[in-house]
> 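My structure is below; once you've seen it, I'll send some questions.
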There are 2 protein chains.
Amino acid sequence: MRSPDELSEFLRANGLKATPQRHAVFEALHRESGHPTADDIWARVREQMPTISLRTVYQALHDLVDLGEARIVTVGAGAAQFDRNTEQHDHFVCRKCEAIFDVVSSRPRLMSGFPDVADVELPATDGSGPSGARSDVVEPAANFQIETAEVIFRGLCAPCGG
Amino acid sequence: MRSPDELSEFLRANGLKATPQRHAVFEALHRESGHPTADDIWARVREQMPTISLRTVYQALHDLVDLGEARIVTVGAGAAQFDRNTEQHDHFVCRKCEAIFDVVSSRPRLMSGFPDVADVELPATDGSGPSGARSDVVEPAANFQIETAEVIFRGLCAPCGG
DNA sequence: GCAATAGCTAACAAAACTTGTTAGTTGCCA
DNA sequence: TGGCAACTAACAAGTTTTGTTAGCTATTGC
Ligand SMILES: [Mn+2]
Ligand SMILES: [Mn+2]
Ligand SMILES: [Zn+2]
Ligand SMILES: [Zn+2]
């Protein structure tokens with residue numbers, strides 16, 4: 001987590017102005033627990049800055065994503081959820097309350113060497129290009145370059161009686 | 001993959017009528033390669049059944065999902081993508097062409113015993129309920145019931161120069 | 001076969017989320 | 001202090017998905 005001063009510097013270093021709005025969105029993202037939506041952030045920021053527009057919140061959030069200071073997590077339909085945690089980590093999604101929890105330590109336990117996987121089996125592409133990717137013909141494909149990997153666990157969270 | 005006759009029986013056994021539309025959607029889902037959207041299926045079905053409505057396609061697809069004959073994969077924003085493969089498997093998403101590939105065999109290789117994970121570390125919930133789930137306090141939480149798990153690999157696919 | 005009714009189509013409406021746009025104002029910073 | 005990035009307001013609009021209604025079709029249990 002970057003400090004406000006560091007953020008100003010960082011923004012300027014990337015050709016962006018260090019505006020109070022960007023600071024407010026950044027801080028809201030870090031104060032907010034879990035994986036807030038743009039709307040959540042908007043509500044939080046408006047407590048201190050009532051005039052900020054939702055448009056600006058979206059813009060600032062995407063700026064942060066572009067700068068690598070936030071991520072977007074996608075675990076289903078609905079509004080995009082932002083994640084201040086840019087470290088490699090996994091998620092648990094409750095099927096009842098739909099809350100998202102960070103899952104730590106599953107990576108080293110379950111998948112040693114992950115994601116430096118060299119020989120994962122991937123489907124052949126039958127020469128018809130990306131859109132023709134088939135899932136019935138399978139053979140080792142070393143020329144698939146895996147850059148990231150994330151595990152999504154689903155089930156019942158503790159508060160919901162898991 | 002269920003045969004047409006089996007599908008008719010299966011639909012009736014679940015209190016649904018075996019209509020030509022449901023058959024057409026089912027067959028289009030199996031003819032279509034990869035992970036088509038409702039719109040993709042609609043286009044495919046209309047080749048043989050020009051009058052079918054998109055509304056009916058959505059309904060039929062959701063019927064199939066409810067019956068366990070299809071899944072919805074979520075790997076990002078945009079339209080939902082349907083998956084005829086209801087076996088447990090993972091996905092590779094190309095960051096360039098955004099194609100989705102099935103990944104097989106990664107499970108047994110990378111994660112033995114998966115997903116029967118008993119002791120994954122999950123965040124504590126600090127007593128504030130689901131919405132107050134925090135991601136900074138972490139402790140073992142055996143009372144999170146993991147039911148499914150999926151790995152999403154991202155990177156460059158072979159056709160895109162991976 | 002027949003009748004009951006689930007399901008289909010058409011035709012919109014609308015919700016939900018996100019982005020585009022424009023014009024006028026503010027304020028960051030070189 | 002001036003230039004211009006950025007903000008706000010106010011909409012419009014695109015996308016995806018679901019809701020709704022009315023009338024017609026066709027499946028299925030009998
Ligand atoms: Mn997270
Ligand atoms: Mn799949
Ligand atoms: Zn829950
Ligand atoms: Zn690709």
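To find a chain, count down the sequence lines: A is the first, B the second, and so on, and within it residues start at 1.
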> Please give, in whole Å, the distance from D:dT8 P to A:L54 CG?
11 Å
> Taking the nucleotide of DNA chain C with the nearest heavy atom to each, does B:V57 or B:K17 sit closer to the 5' end?
B:K17
> Without decimals, in angstroms, what is the distance between B:Y58 OH and C:dA15 C1'?
14 Å
> So what does A:A80 touch, heavy atoms closer than 4.0 Å: a base, only the sugar-phosphate, or nothing?
sugar-phosphate
> Find the distance A:R55:CZ to D:dC11:P and express it as a whole number of Å.
16 Å
> Can you tell me if A:H35 and A:D102 form a side-chain donor-acceptor pair at under 3.5 Å?
yes
> With a 3.5 Å distance limit and no angle check, can you tell me whether B:D40 reaches the backbone of B:T37 through a side-chain donor-acceptor pair?
yes
> What integer distance in Å separates A:D63:CG from D:dC7:C1'?
12 Å
> What integer distance in Å separates B:Q21:CD from C:dA6:C1'?
12 Å
> Side-chain N or O of B:H62 less than 4.0 angstrom from OP1 or OP2 on D:dT18?
yes
> Which listed nucleotide (C:dG7, D:dT8, D:dA6) is nearest to the side chain of B:T19?
C:dG7
> Are a donor atom and an acceptor atom from the side chains of A:S8 and A:D5 found within less than 3.5 Å of each other?
no
> Side chain of A:T51 only, heavy atoms from C-beta on: which candidate in C:dG7, D:dT8, D:dC7 is closest?
D:dT8
> Report which part of the nucleic acid B:A77 touches: base, sugar-phosphate, or nothing (heavy-atom distance under 4.0 Å, all strands).
nothing
> If I take atom CD in residue B:Q59 and atom P in nucleotide C:dC8, what distance separates them, rounded to the nearest angstrom?
6 Å
> Taking only N and O in the side chain of B:R12, is any of them less than 4.0 Å away from OP1 or OP2 of D:dT28?
yes
> What is the separation between atom CG on B:L16 and atom C1' on D:dG29, rounded to the nearest whole Å?
16 Å
> Between B:K96, B:R95, B:R154, which is the residue that forms a salt bridge (charged side-chain N to carboxylate O under 4.0 Å, His left out) with A:E147?
B:R95
> Counting any heavy atom closer than 4.0 Å, what does B:A18 reach on the DNA or RNA strands: base, sugar-phosphate only, or nothing?
sugar-phosphate
> Using a heavy-atom cut-off of 4.0 Å across all strands, would you classify B:T56 as base, sugar-phosphate, or nothing?
base
> Using the ring of each side chain (for Trp, its six-membered ring), is B:H91 parallel, tilted or perpendicular to B:H89, with breaks at 30° and 60°?
perpendicular
> Find the distance A:D39:CG to C:dA16:P and express it as a whole number of Å.
11 Å
